[in-house]
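To start, the structure itself, in structure tokens.
So that the names make sense, note that chain A is the first sequence line, chain B the second, and so on, each numbered from 1.
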Amino acid sequence: MCLAIPARITHIDPATETAEVELGGISKQISLALIDDAAVGDYVLVHVGYALNKLSAEEAEETLRLIREMGMLLDGDAT
Amino acid sequence: MKYIDEFRDQGLARQLANAIAAEAEPSRAYRLMEFCGGHTHAIFRYGVQHLMPPNLRFIHGPGCPVCVLPMARIDHAIALATQHGVTLCTYGDLMRVPASERRTLLKVKAEGADIRMIYSTQDALRIAREHPERQVVFFAIGFETTTPPTAVAIQTARAEGLANFSVFCNHVLTPPALRTILATAGPDGVRLDGILGPSHVSTLIGSRPYAFVASEFGVPVVIAGFEPLDVMQSALMLVRQINAGRCEVENQYSRAVTEDGNRKAQALVADVFRVRDRFEWRGLGFLPQSALALADDYADLDAERRFPFSLGETREIKGCECPAILRGVKQPTDCKLFGTVCTPDNPMGSCMVSSEGACAAYWSYGRFRTAAA
């Protein structure tokens, strides 16, 4: 129920507070009523037809870096 | 897809599994409750439990809105459609949940009631606009993730003067459920060493509302994303907190969750809803301040006030262990009905109906078979 999917905004209609998003090759119309400052190219979390939040590219990269580092530390310990 | 594929990387998963195995101390028990059904689903789909050392066990929490909805509320929804003759719109998850006498919305629809499965609250509004002669009720359920879209629909209906639209509100709140689980831990409940905190609920409410878990109950929390690497990294973060004797709220899912959450959505929810004094949760009983109803300003759009209904007594299905499973006290395989008369094709209890339910997760990925072997 709480599942939300990351999707990229491809078009925004400010008059209706809606956007078109691209979801793994599928285009879908969603509501932007819950967020401010969305721009074309942003990734948003989509849930029941609404964008819940913008995703942070920097934070995603930082999380992946930490995951790699956690694994690598161990490799270092093992040798 | 971006933000999904990279968090399912097998090589990184193996590295994380090795790190957890190396850091988990054999003398300790790591009983980690994943609050959300989304986590349970990820753990089973990707076999995360099998990558963990034997003394690290995931205990499945009550974070599945379909699972915790008491039968009486589905009886009420069925009555709206059959006795009041409304057009009842709801999310697909609810269609097959057994109500009293094993009735479901799907069966009632087959018998002629006007029940519509919708994807978004926007669909319910559209149906109300297209059928001004019909009373259209949106059967709203869900945690904090799903509440703001309902709030938008209510405000839109008010702005448009959509007089034939109303909402049967069953939105519930995560922190009170977490508090109940922690408060009953011990002889009657389950002992927990750490909590994997909600993902998408937290994108809305932020990480602050979980502070009490650490400060009052001394249990560490890591807010965790729903992808397998998210779950594993969060488990490692909990292992580290437990080993170090730390007890903090940490945020693994920082690409979507901040301390404050989505303030615009919070303001909308605060405007449209009020907190109920108490609300019944399947498995947890009546919890104070744990659910939302429409605020008095929006009383005219409240289906509970528009279509009064008195409930008879509801009876749980005999032998169904959903209530104990929802508290983390029992596992699906402890239930006599599991996999015999109760399967996803023919569910007896709510935990088998919803794809996020623990029983459905056990059954769908067949991992209980290897566990039993």
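Between Gln233(B) and Met70(A) the shortest side-chain heavy-atom distance falls below 4.5 Å. In this structure, Pro149(B) and Leu34(A) have side chains that are in contact, with non-hydrogen atoms separated by less than 4.5 Å. Residues Ile35(A) and Lys264(B) fail the side-chain proximity criterion, which asks for heavy atoms closer than 4.5 Å.
Here the straight-line distance linking atom CG of Leu66(A) with atom CG of Leu229(B) works out to 12.5 Å at 0.5 Å rounding. Annotation: the span from Tyr50(A) atom OH to Thr146(B) atom OG1 amounts to 11.5 Å, rounded to 0.5 Å. Distance CD/Gln15(B) to CD1/Ile67(A): 10.5 Å, rounded to 0.5 Å. One finds the CD atom of Gln122(B) at 9.0 Å from the OG1 atom of Thr18(A) (value rounded to the nearest 0.5 Å).
For CZ of Arg14(B), the number of neighbouring non-hydrogen atoms (other residues, nucleotides, ligands) closer than 6.0 Å is 12 at most. Under a cut-off of 6.0 angstrom, the local environment of CE in Met117(B) is sparse, with at most 12 non-hydrogen atoms contributed by other residues, nucleotides or ligands.
In this structure, the portions of Glu6(B) lying under 4.5 Å from any heavy atom of chain A include both its backbone and its side chain. Both the backbone and the side chain of Gln252(B) come within contact range of chain A, with heavy atoms under 4.5 Å apart. With a 4.5 Å cut-off on non-hydrogen atoms, Leu236(B) touches chain A through its side chain but not through its backbone. Looking at Ile118(B), there are no atoms closer than 4.5 Å to chain A (heavy atoms on both sides), in backbone or side chain. Contact annotation for Tyr119(B): both backbone and side-chain heavy atoms come within less than 4.5 Å of a heavy atom of chain A. With a 4.5 angstrom heavy-atom cutoff, Ile5(A) touches chain B only via side-chain atoms. For Val44(A), no part sits under 4.5 Å from any heavy atom of chain B, backbone or side chain. Only the side chain of Glu17(A) has a heavy atom closer than 4.5 Å to any heavy atom of chain B. Within the 4.5 angstrom heavy-atom criterion, atoms from both the backbone and the side chain of Ala57(A) approach chain B. Interface remark: Leu45(A) contributes side-chain atoms only to the contact with chain B (heavy atom separation under 4.5 Å).
Checked against disulfide bond (SG atoms under 2.5 Å apart), Cys64(B) has the following partners two or more places apart in sequence or in another chain: Cys67(B).
Contact record, His47(A) with Thr145(B): CD2-O, 3.5 Å, taken as the closest heavy-atom pair. Shortest non-hydrogen contact noted between Val48(A) and Ser120(B) is O-OG, 3.1 Å.
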Q: Let me see the working for Glu356(B) and Leu3(A) under side chain to side chain contact (heavy atoms under 4.5 Å, CB included), right down to the final yes or no.
A: CA-CA 9 Å; Glu356(B) 294 178 327; Leu3(A) 291 182; 4.1 Å; yes
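The choice from Ala33(A), Ser31(A), Gly25(A) that makes the most heavy-atom pairs within less than 4.5 Å of chain B is Ala33(A).
Panel note: side chain Asn53(A), backbone Asn262(B); no donor-acceptor pair is recorded below 3.5 Å.
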